[in-house]
Amino acid sequence: MATTVLRPAATYRTGLYEWLTTTDHKKIGILYTFNSLILFLIGGLFALAVRTELAQPGLQFMDEATYNQMFTMHASVMIFWVVIPFLAGFGNYLVPLMIGAPDMAFPRINALSFWLLPLSALIALMDSRSAERPRPAGPATARWHSRPSRRVPGPISGSWP
């Protein structure tokens, strides 16, 4: 007597929902790359602000604290949210293909690691406490070395790092 295996009806995720909920290593690699390109544009805006200020001697568009914040955020965005995720995207896409694996070892953790990336960029780029303080307290107030400025007394403020 032959047996028939019952299979559930094929329900496929399509469109944007598929890309937002994927665990496929190739799609996650593409998402890493796309995220890096978007943050590359944001980092480029920071660089444009810095280069605009440096076009002529003296202060034209921003004060010293804002210039330091723009410079620090440009470097941070380019390193932590462009270069490193771009390499992670290539790794996610190519390494399973090169070793002949069908997928990454833990695909859901792989997807979670991608979704933590835009969240971390959003947290670093948005500092909600900056409007509440009398002195400059935007992102990267402590600058790249995370020391307080010698000219401004008080604790390090802002959310970066």
Side-chain angles (χ1 to χ4, degrees), residues 15-56 58-96 103-161:
L16 182 64
Y17 184 70
E18 165 63 26
W19 281 91
L20 295 178
T21 59
T22 188
T23 56
D24 180 23
H25 70 93
K26 290 184 235 174
K27 288 187 178 182
I28 292 174
I30 293 169
L31 287 171
Y32 266 111
T33 306
F34 184 71
N35 186 55
S36 292
L37 291 175
I38 289 173
L39 287 163
F40 179 76
L41 296 175
I42 293 171
L45 291 176
F46 287 131
L48 183 65
V50 169
R51 295 308 300 173
T52 303
E53 181 62 39
L54 293 175
Q56 295 178 358
L59 297 175
Q60 287 85 29
F61 300 104
M62 59 185 93
D63 60 349
E64 292 92 352
T66 306
Y67 176 81
N68 284 337
Q69 290 177 13
M70 292 292 161
F71 191 88
T72 302
M73 290 309 293
H74 163 70
S76 300
V77 166
M78 289 301 192
I79 292 170
F80 298 120
W81 292 288
V82 175
V83 174
I84 294 172
F86 199 72
L87 295 174
F90 274 125
N92 262 315
Y93 194 93
L94 294 176
V95 169
D103 202 353
M104 298 290 277
F106 297 103
R108 289 184 181 169
I109 295 176
N110 188 24
L112 175 67
S113 70
F114 166 73
W115 285 110
L116 290 177
L117 182 72
L119 178 65
S120 68
L122 187 67
I123 290 171
L125 292 173
M126 304 280 186
D127 187 9
S128 60
R129 298 178 298 157
S130 63
E132 300 172 10
R133 299 180 187 223
R135 52 182 268 239
T141 301
R143 298 190 301 280
W144 64 272
H145 45 70
S146 291
R147 287 191 323 230
S149 174
R150 291 184 177 94
R151 298 185 333 183
V152 180
I156 296 175
S157 60
S159 65
W160 182 248

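Owing to the predicted nature of the structure, the values given are computational and were not obtained by experimental measurement. Values reported hereafter were calculated over all heavy atoms of this structure, with side chains retained and with hydrogens, waters and symmetry mates removed.
Every residue two or more places apart in sequence or in another chain that forms a side-chain hydrogen bond (donor to acceptor under 3.5 Å, both in side chains) with N110 is listed here: N92. Under the side-chain hydrogen bond (donor to acceptor under 3.5 Å, both in side chains) criterion, T52 pairs with no residue, sequence neighbours left out. With sequence neighbours excluded, no residue forms a side-chain hydrogen bond (donor to acceptor under 3.5 Å, both in side chains) with T23.
Closest of all the heavy-atom pairs between F46 and V77 is CE1-CG2, 4.1 Å. Nearest heavy-atom pair, M62 versus E53, reported as atom, atom and distance to 0.1 Å: N-OE1, 3.1 Å. Minimum heavy-atom separation, G91 to P96: O-CD, 3.7 Å.
Taking OG1 from T66 and CE from M73, the interatomic distance works out to 13.5 Å, rounded to the nearest 0.5 Å. For the atom pair M104 CE and I109 CD1, the distance stands at 10.5 Å (nearest 0.5 Å). Note that CG of L87 is 9.5 Å distant from OG1 of T33, once rounded to the nearest 0.5 Å. Between the CD1 atom in I38 and the CD1 atom in I42 there is a gap of 7.5 Å [rounded to 0.5 Å]. From S120, atom OG reaches atom CG of L125 across 9.0 Å, with rounding to the nearest 0.5 Å.
Panel note: side chain T72, backbone Q69; no donor-acceptor pair is recorded below 3.5 Å.
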- Worked check of side chain to side chain contact (heavy atoms under 4.5 Å, CB included) between F40 and M78: CA-CA 7 Å; F40 179 76; M78 289 301 192; 3.7 Å; yes
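By the 4.5 Å heavy-atom criterion applied to side chains, W115 and L20 are counted as neighbours. A heavy-atom distance below 4.5 Å is found between the side chains of L54 and Y67. Taking 4.5 Å as the limit, some side-chain heavy atom of I30 sits within range of a side-chain heavy atom of W19. When side chains are defined from C-beta on, H74 does not count as touching M70, because their heavy atoms never get closer than 4.5 Å. Residues Y32 and S113 have side chains in contact (heavy-atom distance under 4.5 Å, counting atoms from C-beta outward). Residues L31 and L117 have side chains not in contact (no heavy-atom distance under 4.5 Å, counting atoms from C-beta outward). Residues W81 and P118 are not in side-chain contact: their nearest non-hydrogen atoms beyond the backbone lie 4.5 Å or more apart. By the 4.5 Å heavy-atom criterion applied to side chains, F86 and L39 are not counted as neighbours.
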